Amino acid sequence: MKKKALTVLALVPLVLGTIGYLFSGERTTSAIYAAVALYFTSPISDAYNAYIEIARWTAPLVTATAILRALQNVWESLRNRVALFGKKNSVSVYSDMDSRIRFGKDVSAIYPGDKLKKYAHEHIIMFSTDEMNLQFYEKHKKELAGKKVYIGVRDIECCFLNPLEDVTVFDINGAIARMLWKEISLWNKEKNEFNIVVWGSNTLSGEIICTGLQMNLFSNKQKIKYCFVTDNSNFLIRHSELNLMNGDELSYLDYKNPEIWDAVSNADIIIVSDVVDVETMQTLVVKAGESKIYYYSPVEGDAISHLSFGNVVAFGRNETVLTDENIRCGALIRKAKKLNEHYAKFYGSEKDWNALSGFLKGSNISASDFGEVLSMLNERIGEEEQAELEHIRWCRYMFLNYYTLGTPANEKNRDDDKRIHKDLIDFSELDPKERVKDVEAIRITKVL
């Protein structure tokens with residue numbers, strides 16, 4: 001849009017000059033030629049009127065601006081090449097936002113906006129919308145072939161994405177949600193019952209619910225009541241078949257329902273995942289009492305951090321989410337890859353991580369995430385209970401990815417086309433061989 005506006009402005013002197021010379025009696029071709037000459041401060045006609053005078057002054061400004069922009073582009077290109085020259089670990093980050101990524105000292109990074117820089121070894125695409133990211137990738141797909149590419153997504157669920165060759169998809173909301181629940185760490189608290197309110201209608205809100213349901217499993221006696229305060233019915237519609245498989249509960253209230261304030265008052269933890277106005281936050285603080293409120297705040301300096309009372313904690317800061325560890329070389333992804341290699345070895349599944357669908361990658365990531373939780377529960381619960389919790393997590397992952405209980409016609413465990421699986425049942429009802437698989441799974445994920 002900005003480029004188009006500049007192009008239009010650059011043509012203004014040409015149009016005005018042409019009109020002026022036509023009014024002075026010049027033929028059309030001569031008028032255009034004379035108007036073009038004004039860009040080079042070389043008038044070829046002595047004709048004069050207001051149109052020509054305006055064009056005579058503005059045309060050289062356009063020329064000077066174009067020269068300066070060209071010099072600026074040359075300088076930027078030279079500066080970027082020097083910055084990356086001879087560096088084995090060089091990254092180019094493409095974005096329309098001022099979102100700096102925290103890299104290690106051994107990494108050289110450049111931020112060329114929407115200008116592709118092929119000489120970087122690796123490329124991170126992280127514009128403000130998923131559509132812009134994918135459009136940029138498709139536009140430069142041939143030039144990026146064979147290079148490592150990382151694409152950040154916020155709104156598209158990874159299970160819906162087809163595999164992209166040599167591309168790693170970075171789920172920004174997923175990273176925020178995982179970091180939040182690890183900070184809250186219900187599994188390290190001394191009780192089994194919690195009331196949790198998640199307040200928000202954006203994609204992040206749904207991701208926080210999904211991630212929490214898969215990570216917050218620490219006892220077969222637990223009872224977590226999640227209350228989702230939202231005016232977005234999409235989550236409820238998409239997950240109408242969700243079965244939590246234990247004593248946990250998930251309820252929904254819209255913003256107009258007065259019962260939301262009772263839910264807030266009785267909550268142990270409130271998570272505000274939308275960027276809300278100060279007045280709403282002040283009401284939440286009053287109703288929450290001593291309960292902790294986690295509120296989404298991507299950048300520092302928000303007004304809420306200056307409230308004089310209330311137990312409020314910011315989460316989702318760009319400086320902690322947008323890190324090289326999260327995007328390119330996350331320990332969680334490395335564990336997920338190793339877990340997938342194990343499954344490929346024993347069950348004959350796909351070994352190549354890049355060839356996996358978003359659904360299968362997400363499955364390995366979810367299992368690896370939960371493995372970190374289980375490693376903290378070793379001294380509190382036995383292996384059989386851990387295996388039961390792993391089965392519940394797996395069932396929830398399947399339900400959240402639109403699978404339902406069903407027996408495939410081919411007598412196999414699953415039918416991915418119909419999204420049905422015969423093992424979405426209680427752990428006690430599983431075939432003994434399947435229960436053994438759950439035990440093996442937790443042993444693997446805890447040591448990766």
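We use all heavy atoms of the structure for the numbers below, so side chains are in, but hydrogens, waters and symmetry mates are not. Keep in mind the model is a prediction, meaning the values are calculated, not measured.
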Can you tell me how far the OG atom of S205 sits from the CG atom of D274, to the nearest 0.5 Å? 5.0 Å

Do other residues, nucleotides or ligands put more than 12 heavy atoms under 6.0 Å from the CD atom of E279? no

Taking the side chain as every heavy atom from C-beta outward, state whether V313 and E183 have any atom pair closer than 4.5 Å. yes

Hey, does the side chain of W181 reach the backbone of I208 with a donor-acceptor pair shorter than 3.5 angstrom? yes

Pair Y295 + W199: ring centers closer than 6.0 Å: no

Quick one: does N89's side chain have a donor or acceptor within less than 3.5 Å of a partner on V107's backbone? no

Are any of the side-chain heavy atoms of T18 and Y51 separated by less than 4.5 Å? no

Residue pair L38 / P43, side-chain heavy-atom distance below 4.5 Å: yes

Lys/Arg-Asp/Glu bridge criterion (N-O < 4.0 Å) met for R393, E390: yes

Treating S291 as the side-chain partner and A267 as the backbone partner, does any N or O pair qualify as donor plus acceptor under 3.5 Å? yes

Can you tell me how far CG of L322 sits from CD1 of I124, rounded to the nearest 0.5 angstrom? 9.5 Å

Who pairs with R178 by side chain to side chain donor-acceptor pair (under 3.5 Å), at least two apart in sequence or on another chain? D369

S108 (side chain) donor-acceptor with S90 (main chain) under 3.5 angstrom: no

Positive for side-chain contact (heavy atoms from CB on, under 4.5 Å) with I269, one of V197, L186, I293: L186

Testing Y137, Y94, Y150 for side chain to side chain donor-acceptor pair (under 3.5 Å) with H123, which one passes? Y94

So does N266 get a backbone contact from the side chain of N195, meaning a donor-acceptor N/O pair under 3.5 Å? yes

Evaluate the side-chain proximity of L400 to H239: yes if any heavy-atom separation is below 4.5 Å, no if none is. yes

Between Y397 and F370, is the ring centroid distance below 6.0 Å? no

Between S30 and Y21, is there a side-chain heavy-atom distance shorter than 4.5 Å? no

Any idea how F127 and F136 line up, ring-wise: parallel (<30°), tilted (30 to 60°), or perpendicular (>60°)? tilted

With distance as the sole test, does R102 use its side chain to make a donor-acceptor pair with the main-chain N or O of E319 at under 3.5 Å? yes

Within the supplied structure, the quantity of interest is the number of heavy atoms (other residues, nucleotides, ligands) at a distance under 6.0 Å from E350 CD; does it exceed 12? yes

With sequence neighbours left out, the residues meeting side chain to side chain donor-acceptor pair (under 3.5 Å) with D324 are R328

Answer whether the closest heavy-atom distance between the side chains of L116 and K118 falls below 4.5 Å. yes

Please tell me if the side chains of W261 and T283 come closer than 4.5 Å, counting only heavy atoms from C-beta onward. yes

Whether the N364 and Y343 side chains hold a donor-acceptor pair (N or O, under 3.5 Å, no angle test) is what I'd like checked. no

Pair K189 + D268, salt bridge at N-O below 4.0 Å: no

Using a 3.5 Å distance criterion without hydrogens, assess whether the side chain of N133 forms a donor-acceptor pair with backbone atoms of G152. yes

